[in-house]
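Step one of this worksheet: look at the structure below.
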Amino acid sequence: IRYHLLKILILGDGNVGKSSFVHRYVSGQFNRTYKMTVGVDFSLKTLHWSDKEKVRVQLWDVAGQERFISMTRVYFKGAVGSVLMFDVTDTSSFLKCHQWKQDLDSKATLPNGSSIPCILLANKSDLSDWAVPVDHIESFCKAHGFFTWMATSVKDNKNIDEAMRRLVEEILSI
Ligand code: GDP
């Protein structure tokens with residue numbers, strides 16, 4: 001059996017649902033009994049990818065340090081993929097994705113120099129007051145080198161496993 005250890009970064013503004021996403025993905029639950037205060041929080045999940053491959057996904061959540069939008073290089077070191085999340089009801093969290101992606105592209109590159117695969121997640125899609133139009137998300141996604149985007153709801157457990165599966169597939173295909 002072949003093992004892959006994949007370091008994946010979870011980026012995005014505060015309050016968009018990053019730590020809920022990690023918690024949902026790793027433990028299957030929505031409500032947490034505690035919340036990380038400050039610091040990088042990382043969680044691990046093992047996927048039985050195929051008969052011959054297991055994947056250990058290591059998720060690095062910025063956990064409360066989003067105000068230092070320019071994260072240190074240590075955080076990016078060795079990362080092979082990234083999730084960039086915004087809240088569909090919060091335009092400013094969408095507009096900030098531009099900066100997050102620039103920071104990512106300048107600090108995390110593959111050995112061949114190209115940028116690491118990043119999936120754009122439009123979270124809180126269960127809420128009715130979307131403030132970001134779908135065509136804006138689509139054109140932003142195309143213009144800034146994301147391989148795809150998906151609407152997620154951590155609350156309703158919508159597209160969480162699917163999004164991570166797409167990302168892992170993309171990483172392993174490189
Ligand atoms: P973080 O600061 O990006 O880590 O965000 P949190 O995970 O702490 O989530 C911020 C708030 O949004 C919390 O109150 C969550 O319960 C809520 N939240 C997270 N995901 C969703 C979602 O998909 N739908 C709704 N309605 N609320 C969500």
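We're numbering straight along the sequence, starting at 1. Order of listing sets the numbers, starting from 1, for every ligand and every atom in it.
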Among the clusters formed by ILVMFWY side chains lying less than 4.5 Å apart, do [X] and [Y] turn up in the same one?
| X | Y | value |
| --- | --- | --- |
| Leu5 | Trp60 | no |
| Val16 | Leu127 | no |
| Leu11 | Leu95 | yes |
| Leu110 | Leu104 | yes |

Check whether any side-chain N or O of Ser93 sits under 3.5 Å from a backbone N or O of Asp87 as a donor-acceptor pair, and report yes or no. yes
Sequence neighbours excluded and cut-off under 3.5 Å, please list the side-chain donor-acceptor pairs for residues 131-154, or say none.
from	atom 1	to	atom 2	distance (Å)
Ser139	OG	Asp135	O	3.0
Ser139	OG	His136	O	3.3
His144	ND1	Phe140	O	3.1
His144	NE2	His98	ND1	3.0
Thr152	OG1	Asn123	OD1	3.0
Ser153	OG	Asp126	OD1	2.9
Ser153	OG	Lys155	N	3.4
Ser153	OG	Asp156	N	2.9

Can you list the ligand 1 atoms lying under 4.0 Å from a non-hydrogen atom of [X]?
| X | result |
| --- | --- |
| Asp13 | 3 (O) |
| Asn123 | 20 (N), 21 (C), 23 (O) |
| Ser20 | 6 (P), 7 (O), 9 (O), 15 (C), 19 (C) |
| Gly14 | 2 (O) |
| Asn15 | 1 (P), 2 (O), 3 (O), 5 (O), 10 (C), 11 (C) |

Backbone or side-chain N or O of [X] under 3.5 Å from ligand 1 N or O:
| X | answer |
| --- | --- |
| Lys124 | yes |
| Phe21 | no |
| Val154 | yes |
| Ser19 | yes |
| Leu127 | no |

Can a salt bridge be assigned to the pair Asp105 and Lys101 using a cut-off of 4.0 Å between side-chain N and carboxylate O? yes
Would you indicate which of Asn157, Asn159, Ile160, Asp126 comes nearest to atom 22 (C) of ligand 1 when only heavy atoms are counted? Asp126
For residues 47-55, tabulate all N or O donor-acceptor pairs below 3.5 Å that involve a side-chain atom, not counting sequence neighbours.
from	atom 1	to	atom 2	distance (Å)
Ser50	OG	Lys52	N	3.2
Ser50	OG	Glu53	N	3.1
Ser50	OG	Glu53	OE1	3.4
Glu53	OE2	His4	NE2	2.9

